[in-house]
Amino acid sequence: MTDLPEPAAPLHVFLSDAAERVLAGLRPGELDAVEKLVEGLAVHPRLGIPVPGGTDPEVDDYTARTDPASDTGDRISVVYRLHEGMSAIFVTWIIAGP
């Protein structure tokens, strides 16, 4: 039997006040799509596209898009910061709409 490495513990995810407000206004399918994306990011935080220009060398900025929502077909963008030293993801913006 081979020893497999322990899977990394999921990162903690925090939402900004602005992200919380948008999340509260999403339709059920959109909310589900965002929740699935965020759950995935907690385990694989570098799935998003890097956003250049950050000012903090210990923090990496990313943006990621959800799969199409089951009810609207819309994709939602999630902008987040990865702080590996704190084992955390900070969702700064959720961008939804036409």
Side-chain angles (χ1 to χ4, degrees):
M1 181 179 199
T2 58
D3 291 327
L4 296 175
E6 288 289 318
L11 300 178
H12 300 284
V13 178
F14 302 95
L15 282 80
S16 69
D17 290 344
E20 288 275 359
R21 281 191 296 275
V22 173
L23 201 62
L26 295 178
R27 293 189 172 114
E30 295 169 333
L31 180 61
D32 184 51
V34 170
E35 288 176 344
K36 285 180 183 176
L37 175 65
V38 170
E39 287 173 9
L41 293 175
V43 178
H44 302 288
R46 296 189 186 275
L47 287 178
I49 299 169
V51 176
T55 58
D56 187 342
E58 295 184 23
V59 176
D60 296 320
D61 296 315
Y62 293 90
T63 186
R65 294 193 70 201
T66 66
D67 290 332
S70 61
D71 51 0
T72 64
D74 291 338
R75 294 181 64 158
I76 297 166
S77 296
V78 175
V79 180
Y80 65 98
R81 306 188 91 195
L82 168 60
H83 195 300
E84 288 187 89
M86 294 178 66
S87 297
I89 291 175
F90 300 98
V91 176
T92 53
W93 296 100
I94 296 174
I95 304 166

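Quick caveat, the model's predicted, so the values are computed rather than measured.
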Locate the shortest heavy-atom distance separating Gly48 from Ala64; write the atom from each residue and the value. CA-CB, 4.0 Å
Side chain to side chain contact (heavy atoms under 4.5 Å, CB included) with Asp32: which residues, sequence neighbours excluded? Lys36
Hey, could you give me the CG/CZ distance between Asp60 and Arg81, rounded to the nearest 0.5 Å? 9.0 Å
If the threshold is 4.0 Å, N to carboxylate O, is there a salt bridge linking Arg27 and Asp71? no
Identify the two heavy atoms, one from Ala69 and one from Ala33, that lie closest to each other, and give their separation to 0.1 Å. CA-CB, 4.4 Å
Can you establish whether the number of heavy atoms outside Ile95 located under 6.0 Å from its atom CD1 is more than 12? yes
Scan residues 12-45 for pairs that pass ring pair (Phe, Tyr, Trp, His ring centres under 6.0 Å), counting only residues two or more places apart or in two chains. Phe14-Phe90
Backbone of Val79 reached by a side-chain donor or acceptor of Thr92 within 3.5 Å: yes
Could you identify which residues cluster with Val38, counting Ile, Leu, Val, Met, Phe, Trp and Tyr as linked when any side-chain heavy atoms lie under 4.5 Å apart, either directly or through a chain of such contacts? Leu11, Val13, Leu15, Val22, Leu23, Leu26, Leu31, Val34, Leu37, Leu41, Leu47, Tyr62, Ile76, Val78, Tyr80, Leu82, Ile89, Val91, Ile94
Scanning both residues in full, the closest heavy-atom pair of Gly29 with Ser70 reads CA-OG, 3.6 Å
Are Glu84 and Arg46 close enough, and set up right, to give a side chain to side chain contact (heavy atoms under 4.5 Å, CB included), and what steps lead you there? CA-CA 11 Å; Glu84 288 187 89; Arg46 296 189 186 275; 2.3 Å; yes
